[in-house]
Student: 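Dropping a structure here in structure tokens format, bear with me for questions.
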There are 2 protein chains.
Amino acid sequence: VRPGSDVAHLSILGYDPYREYPGRGVFEAAGVGLHVQSGDICFRTNFATVDKNLTVLDRRAGRIESGQAQLEAALQEIRLASNPDVRVLFKVSTEHRGALILRGEGLSPNVSEADPHEEGKRLLEIHPLDSSSESWRTAKLLNELIAESHARLKKIPLNVRREKNGKPPANILILRGASSMPKLLSVNEKFGVRGNVISGGALYRGIGKIVGLLPIHVEGATGGLDSNLNNKVKAALRALKEQDFVFIHMKGTDTAGHDHDAKAKISFIEKIDAAIGSLNEKLDWEETHLAFTGDHCTPIDYGDHTAEPVPLLLVGPAVMPDDVDNLDEKSAQRGGLGRVSGNVLPMLASLNNWLPKFGA
Amino acid sequence: VRPGSDVAHLSILGYDPYREYPGRGVFEAAGVGLHVQSGDICFRTNFATVDKNLTVLDRRAGRIESGQAQLEAALQEIRLASNPDVRVLFKVSTEHRGALILRGEGLSPNVSEADPHEEGKRLLEIHPLDSSSESWRTAKLLNELIAESHARLKKIPLNVRREKNGKPPANILILRGASSMPKLLSVNEKFGVRGNVISGGALYRGIGKIVGLLPIHVEGATGGLDSNLNNKVKAALRALKEQDFVFIHMKGTDTAGHDHDAKAKISFIEKIDAAIGSLNEKLDWEETHLAFTGDHCTPIDYGDHTAEPVPLLLVGPAVMPDDVDNLDEKSAQRGGLGRVSGNVLPMLASLNNWLPKFGA
């Protein structure tokens, strides 16, 4: 398959996306720092601009660049008329992006989207996608929630000022990617692994959190091409003094691939090379195993994820070396691992003999 | 496993035979040109020779070499006493072979065989293999059908003449391989692939049809060692001007393997080599991907299908080449693909980026 980043990461971490992929909302919610619980219904959100008739004028409110704290503050402590016991948790991410959780009894992720996915069209009423009372109740709550977001946001000083300056106001919250907390075992329960996640991008941090890794905040880790990879490596080395495992995510090569920008990709690969070089120098190779891989290809000419295999490097005292001396797509085809699918974390756990014996 | 040709082809085309294999009858029925529908019960059939006591004298009626049209005509418009609403569709294939469909409400493929699989034994009464009324009803209909085939066939001029000439008359129809239409998604629904099947052999054409490929009739494509492979290649090149995908089947190597005939096998491989050579010259390699493989081994010394791996060649603009320069069983072991199981069509679809993204 052509994997999304969330699906590919689940697979790398030893989960089966065909059985266990819950949709993206839950990872985004965890990634922005919301504490997702069982039963929560999670959404990715957009601030958008609507007119009086709720026609969507701008799905991203002009990719609003500042004032996120004011927007977030405006949407705290929401109580919904049809069920005041349901809690609404909201956090902004970057630009127009954010994540939202509905928390309460008897909710369902099986509801339609409000986003018409086209500007000039009216915002859609959310409706249940099955006949359960949970889905019906959730749809009703969400319609109330969107109306409430509009009532609150249209009045805040930020938006009054934006309108005065001819900028699209961020006057409504649109929800998508409804998903509920998957019943995933943690990587500790599955593979005996305790550890951290280091990532600038919210999605990857969110995936790590959902499988039980503790996020480490790293100064300068932006998830962009400018991210400070050396700080990530330093944080990982510090963490490894206490923890079994650290997952470091580096995003820039994918971003450059999506942008068809070969130069940026090469330069980010060089940056990764330097960072991994310093990791290599400082790791204790008598007792450490390292896996280095990508979650998917994003070829420059295609500009999106493809299904081709990616190289995987395993290093450490229990690894049987093969005859391949270079880490690249072509050389990796001759590698001793053959072609495997996901499950990199359980490979590391097995190299460390952390896995229980299966059988006797 | 040692795969049958039908199972191996389903796997190559991206289906899971453990979950989705319906039995051979349905492919044979589709392959001879019957239009299989949901609910149909399909059979492979043999013309056989029985005496007055229904003892089987020749299971293949002397591999009857001519008169198939008369045999087919004799078995049209059959109505069965116990349920005249059930339709019986019958078509001959080559020699003693044919396919038959029972079409109607409430039928089941779960019935025993009539074929005693041994000459000198009496034809078996068909009985239900479970306690459902559908299986009971179907067994009853089939016993009536076999009796009716005998009543009709023993009288036709062809058989009167054969008996006069001391040849075994094709005086009864024996059914086997009962199977019903599987609920398979088409290759278009599964992988976004629309295309054609080119095959002399009915089975392969039938499999192609069942997964949604349109058969192309090719002059001189016999499914035998004499098949005109160059005509197949020309037809494929024409089809590719309109279609995404063409599946070409070449049967001769398997036939020669079953016959322990090394010379015939080598000579057919040379014939394939020439045909693929002309395909290679004429394909547009800027936008075409080719997969070349076998559905199983049929070693000369063993004379039947074995479970060993077969080489698989992938070529095209999105393929990362490996260091292997020859296509043979030994060289392929060093290939960049490693050892994969089936799923060749989805590989082609993914090389073309036809697959939807899984995840976000």
Side-chain angles (χ1 to χ4, degrees), chain A residues 1-12 15-18 20-28 31 44 176-177 179 203-204 206-207 258 295-299 301-312 322-324 328-342, chain B residues 14-16 18-20 185 187 189-193 245 285-287 289 291 293 309-327 330-360:
Chain A
V1 298
R2 295 175 52 220
S5 296
D6 44 9
V7 159
H9 272 83
L10 275 185
S11 176
I12 287 172
Y15 296 80
D16 177 359
Y18 289 105
E20 305 183 290
Y21 177 59
R24 183 154 173 164
V26 63
F27 300 129
E28 292 283 352
R44 304 164 72 178
R176 59 193 175 120
S179 68
L203 174 64
Y204 315 97
I207 293 170
H258 281 285
D295 58 340
H296 53 74
C297 292
T298 315
D301 59 349
Y302 185 60
D304 203 347
H305 307 185
T306 62
E308 284 116 278
V310 293
L312 165 62
D322 58 23
D323 294 330
V324 178
D328 58 64
E329 284 80 358
K330 197 162 157 54
S331 305
Q333 294 188 106
R334 294 183 290 109
L337 279 167
R339 189 175 288 215
V340 296
S341 182
Chain B
Y15 296 80
D16 176 358
Y18 289 105
R19 291 194 300 111
E20 306 184 287
L185 293 176
V187 290
E189 290 166 306
K190 276 172 85 88
F191 312 120
V193 174
F245 169 72
W285 286 116
E286 301 229 336
E287 57 169 33
H289 291 94
T293 191
V310 292
L312 165 61
L313 172 72
L314 293 179
V315 205
V319 174
M320 173 73 60
D322 58 23
D323 293 331
V324 178
D325 290 324
N326 296 302
L327 183 70
K330 197 162 157 53
S331 304
Q333 295 189 104
R334 293 183 292 110
L337 280 167
R339 190 176 286 214
V340 296
S341 181
N343 287 309
V344 176
L345 181 55
M347 282 183 216
L348 285 172
S350 75
L351 286 167
N352 283 308
N353 295 319
W354 291 337
L355 297 176
K357 204 188 274 183
F358 174 30

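Side-chain atoms are counted along with the backbone in the values below, which use heavy atoms only and exclude waters and symmetry mates. So that the names make sense, note that chain A is the first sequence line, chain B the second, and so on, each numbered from 1.
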Student: What parts of residues 343-350 of chain B touch chain A if we use heavy atoms and a cut-off under 4.5 Å?
Tutor: B/Ser350
Student: Non-hydrogen contacts under 4.5 angstrom with chain B: give the residues of residues 20-28 of chain A involved, or none if there are none.
Tutor: A/Tyr21, A/Arg24
Student: Taking all heavy atoms of A/Tyr18 and all of A/Asp16, pick out the closest pair and write down the distance.
Tutor: N-OD1, 2.9 Å
Student: Please state whether the side chain, the backbone, both or neither of A/Asp301 comes within less than 4.5 Å of a heavy atom of chain B.
Tutor: neither
Student: Going through the distances and angles, do B/Leu185 and B/Phe191 end up as a side chain to side chain contact (heavy atoms under 4.5 Å, CB included)?
Tutor: CA-CA 10 Å; B/Leu185 293 176; B/Phe191 312 120; over 6 Å; no
Student: Give, as side chain, backbone, both or neither, the part of A/Pro299 having an atom under 4.5 angstrom from any heavy atom of chain B.
Tutor: neither
Student: Shortest non-hydrogen contact from B/Gly336 to A/Gln333?
Tutor: CA-CB, 3.5 Å
Student: Please round to the nearest 0.5 Å and tell me the distance separating atom CZ of A/Arg2 and atom NZ of B/Lys357.
Tutor: 6.0 Å
Student: Quick one: which of B/Gly335, B/Pro321, B/Ala318 has the most heavy-atom pairs under 4.5 Å with chain A, could you say?
Tutor: B/Pro321
Student: What pair of heavy atoms forms the shortest contact from A/Val7 to A/Pro17, and how long is it?
Tutor: O-CG, 3.6 Å
Student: Any chance you could lay out the side chain to side chain contact (heavy atoms under 4.5 Å, CB included) test for B/Val315 and B/His289, step after step, and finish with the verdict?
Tutor: CA-CA 6 Å; B/Val315 205; B/His289 291 94; over 6 Å; no
Student: For atom CG of A/Asp323, is the number of surrounding heavy atoms from other residues, nucleotides or ligands below 6.0 Å larger than 12?
Tutor: no
Student: What residue in A/Arg334, A/His305, A/Glu329, A/Arg339 has the most heavy-atom pairs under 4.5 Å with chain B?
Tutor: A/Arg339
Student: Which heavy atom of A/Leu337 sits nearest a heavy atom of A/Leu312, and at what distance?
Tutor: CD1-CD2, 3.8 Å
Student: Which of the residues B/Asp322, B/Asn353, B/Leu355 is involved in the greatest number of heavy-atom pairs with chain A at under 4.5 angstrom?
Tutor: B/Asn353
Student: Closest approach of B/Val193 and B/Phe245, non-hydrogen atoms and distance?
Tutor: CG1-CB, 3.5 Å
Student: Spell out, as yes or no, whether a donor-acceptor pair under 3.5 Å connects the side chain of A/His9 to the backbone of A/Tyr204.
Tutor: no
Student: Tell me the closest heavy-atom pair linking A/Asp304 and A/His258, and the distance in Å.
Tutor: OD1-CE1, 3.4 Å
Student: Strictly distance-based, threshold 3.5 Å: is any side-chain N or O of A/Thr298 a donor or acceptor partner for the main-chain N or O of A/Gly303?
Tutor: no
